[in-house]
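Report on the following structure.
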Amino acid sequence: MRIATWNVNSLKARLPRVEEWIAYAQPDVLCIQETKLADKAFPAMAFSALGYESAHHGQGQWNGVAILSRVGIEDVTSGFGDAFIDPYEGDARVISATCNGVRVVSVYVPNGREVPSEFYDRKLAWFDRLSEWIAATCTPSDQLVILGDFNVAPEDRDVWSMDSFEGSTHVTTPERAAITRLKEWGLEDAFRRIYPDIDHLYSYWDYRRGDFHQGRGMRIDLVLATASVANHVTWALVDRNARKGTQPSDHAPVIVDINL
DNA sequence: ATGGTAGCCCTGCTA
């Protein structure tokens, strides 16, 4: 089972690139973030033509998450559910579905903007809600994968220069503690299973300053999996080629193969 | 040099 995550930064602007990439990479499941579309504008037909069922949780101008699957898509849910107060209520940032027996969650974690700021505080509160929701609705023995744009670089080696990020969002101790909390619950960084010792593997490069070609990136798109999934990871890749060429997203897709 | 670009929809906001 090949599962991938990609923040496409507008599915309307990126649809030709996404279609091309799906045909090339052949994921069984693709989680998308930042569709920036209302549900009625989601191009489900374009994906069904490629053999994928899809589920979209859209908002319109901002955010928006989706799951595409060619191995079934069941029990779709959006958001955290009524029992949990979302600090970013109204934002479309979470969608879940069961694909080939695996519970798949596509997440777009709030950016946080500045440290300190109200937005940063709410990002941390959102992470609290994510952890509480997972603990309440899943168990570590489940086949569970939470993947998407976490807007956190888990370690210093996941950014091109710690000096340049000193005091800014994505690398602070509380943000990293939120990732650690998910790991302590029972999720593993599946990408690191394949690349335990390779530093400076990035999934996001700012459009500005020629950051991509200068190698100034961050690894903020993560695949977090429970042991029953992570133990069977056979291969992983950040497809940097998808960040090149005409009208790329500022993120590259992250792919993980699981022998289930 | 306190910058830069891309995408959204009113040309400022978000990333």
Side-chain angles (χ1 to χ4, degrees), chain A residues 5-21 31-43 46 56-66 86-94 106-127 130 147-154 158-172 174-176 178-179 202-222 238-254:
Chain A
T5 181
W6 194 7
N7 180 325
V8 299
N9 185 22
S10 172
L11 188 54
K12 182 181 177 183
R14 215 69 61 209
L15 184 58
R17 296 277 315 229
V18 173
E19 291 175 306
E20 176 190 43
W21 187 81
C31 292
I32 297 175
Q33 300 84 38
E34 284 209 84
T35 63
K36 296 185 177 180
L37 291 175
D39 285 331
K40 64 181 180 184
F42 182 76
H56 180 238
H57 178 39
Q59 176 183 341
Q61 183 179 359
W62 307 115
N63 310 310
V65 285
D86 188 338
Y88 276 90
E89 185 65 49
D91 282 10
R93 297 183 175 277
V94 178
S106 177
V107 298
Y108 177 46
V109 176
N111 178 284
R113 302 191 192 182
E114 305 290 334
V115 186
S117 70
E118 178 218 345
F119 300 97
Y120 174 75
D121 291 342
R122 283 162 65 197
K123 177 182 189 177
L124 297 176
W126 195 92
F127 262 124
L130 177 65
L147 59 170
D149 179 357
F150 283 77
N151 270 317
V152 176
D158 294 318
V159 299
W160 66 277
S161 159
M162 271 308 290
D163 287 344
S164 64
F165 286 102
E166 202 60 51
S168 62
T169 186
H170 293 68
V171 299
T172 67
E175 289 168 287
R176 287 176 169 175
I179 302 297
Y202 309 135
S203 64
Y204 163 82
W205 301 259
D206 197 301
Y207 283 123
R208 295 169 286 189
R209 297 168 308 210
D211 273 9
F212 177 72
H213 295 100
Q214 298 293 330
R216 296 190 288 245
M218 317 175 75
R219 191 175 73 94
I220 58 177
D221 299 274
L222 308 177
V238 182
D239 188 3
R240 295 174 72 260
N241 286 326
R243 182 62 176 79
K244 303 175 183 174
T246 308
Q247 286 190 295
S249 170
D250 43 2
H251 294 252
V254 178

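Chain letters run A, B, ... following the sequence lines, proteins first and then strands; every chain starts at 1. Heavy-atom basis, side chains included; hydrogens, waters and symmetry copies ignored.
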Of A/D158, A/T5, A/D221, A/D239, the one forming a side-chain contact (heavy atoms from CB on, under 4.5 Å) with A/S203 is A/D221
Worked verdict on A/Y204 versus A/D149 for side chain to side chain donor-acceptor pair (under 3.5 Å): CA-CA 9 Å; A/Y204 163 82; A/D149 179 357; over 6 Å; no
Protein-nucleotides 8-13 of chain B N/O pairs closer than 3.5 Å?
residue	atom	partner	partner atom	Å
B/dC8	OP1	A/S10	OG	2.4

4.5 Å side-chain heavy-atom contact, A/R240 and A/W205: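 When only atoms from C-beta onward are counted, A/W205 and A/R240 do touch, with a gap below 4.5 Å.
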[atom1]-based separation of [M] from [N] [nearest Å]:
{"N": "B/dC10", "M": "B/dT14", "atom1": "C1'", "result": "15 Å"}
{"N": "B/dA1", "M": "B/dT11", "atom1": "P", "result": "32 Å"}
{"N": "B/dC9", "M": "B/dA15", "atom1": "C1'", "result": "15 Å"}

Whichever of A/N111 and A/Y207 has its nearest DNA chain B nucleotide further upstream toward 5': A/Y207
Could you say whether A/F119 or A/Q247 is positioned toward the 5' end of DNA chain B, judged by the nucleotide with the nearest heavy atom to each?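 Its nearest nucleotide lies further toward 5', so the answer is A/Q247.
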Separation of [N] [atom2] from [X] [atom1] (nearest whole Å):
{"X": "A/W205", "N": "B/dA6", "atom1": "CH2", "atom2": "P", "answer": "16 Å"}
{"X": "A/Q214", "N": "B/dG4", "atom1": "CD", "atom2": "C1'", "answer": "12 Å"}
{"X": "A/N63", "N": "B/dA15", "atom1": "CG", "atom2": "P", "answer": "7 Å"}
{"X": "A/R209", "N": "B/dT2", "atom1": "CZ", "atom2": "C1'", "answer": "11 Å"}
{"X": "A/E34", "N": "B/dT5", "atom1": "CD", "atom2": "P", "answer": "19 Å"}
{"X": "A/D250", "N": "B/dA6", "atom1": "CG", "atom2": "P", "answer": "10 Å"}
{"X": "A/E118", "N": "B/dT14", "atom1": "CD", "atom2": "P", "answer": "11 Å"}
{"X": "A/K123", "N": "B/dA15", "atom1": "NZ", "atom2": "C1'", "answer": "11 Å"}

Any luck finding a side-chain donor-acceptor pair between A/Y207 and A/N9 under 3.5 Å?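 Present: a donor and an acceptor within the cut-off.
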Here the pair of heavy atoms bringing A/F42 nearest to A/L37 is CA-CD1, 4.1 Å
Check whether any side-chain N or O of A/R208 sits under 4.0 Å from OP1 or OP2 of B/dA15, and answer yes or no. no
Base, sugar-phosphate, or nothing for A/R216, non-hydrogen atoms under 4.0 angstrom?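 Nothing, no heavy atom under 4.0 Å.
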Please confirm whether the backbone N or O of A/A92 pairs with a side-chain atom of A/Q59, one donor and one acceptor, at under 3.5 Å? yes
Under the side-chain contact (heavy atoms from CB on, under 4.5 Å) test, residues paired with A/P16 that sit two or more places apart: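 Once residues adjacent in sequence are excluded, A/P16 has no partner under the side-chain contact (heavy atoms from CB on, under 4.5 Å) criterion.
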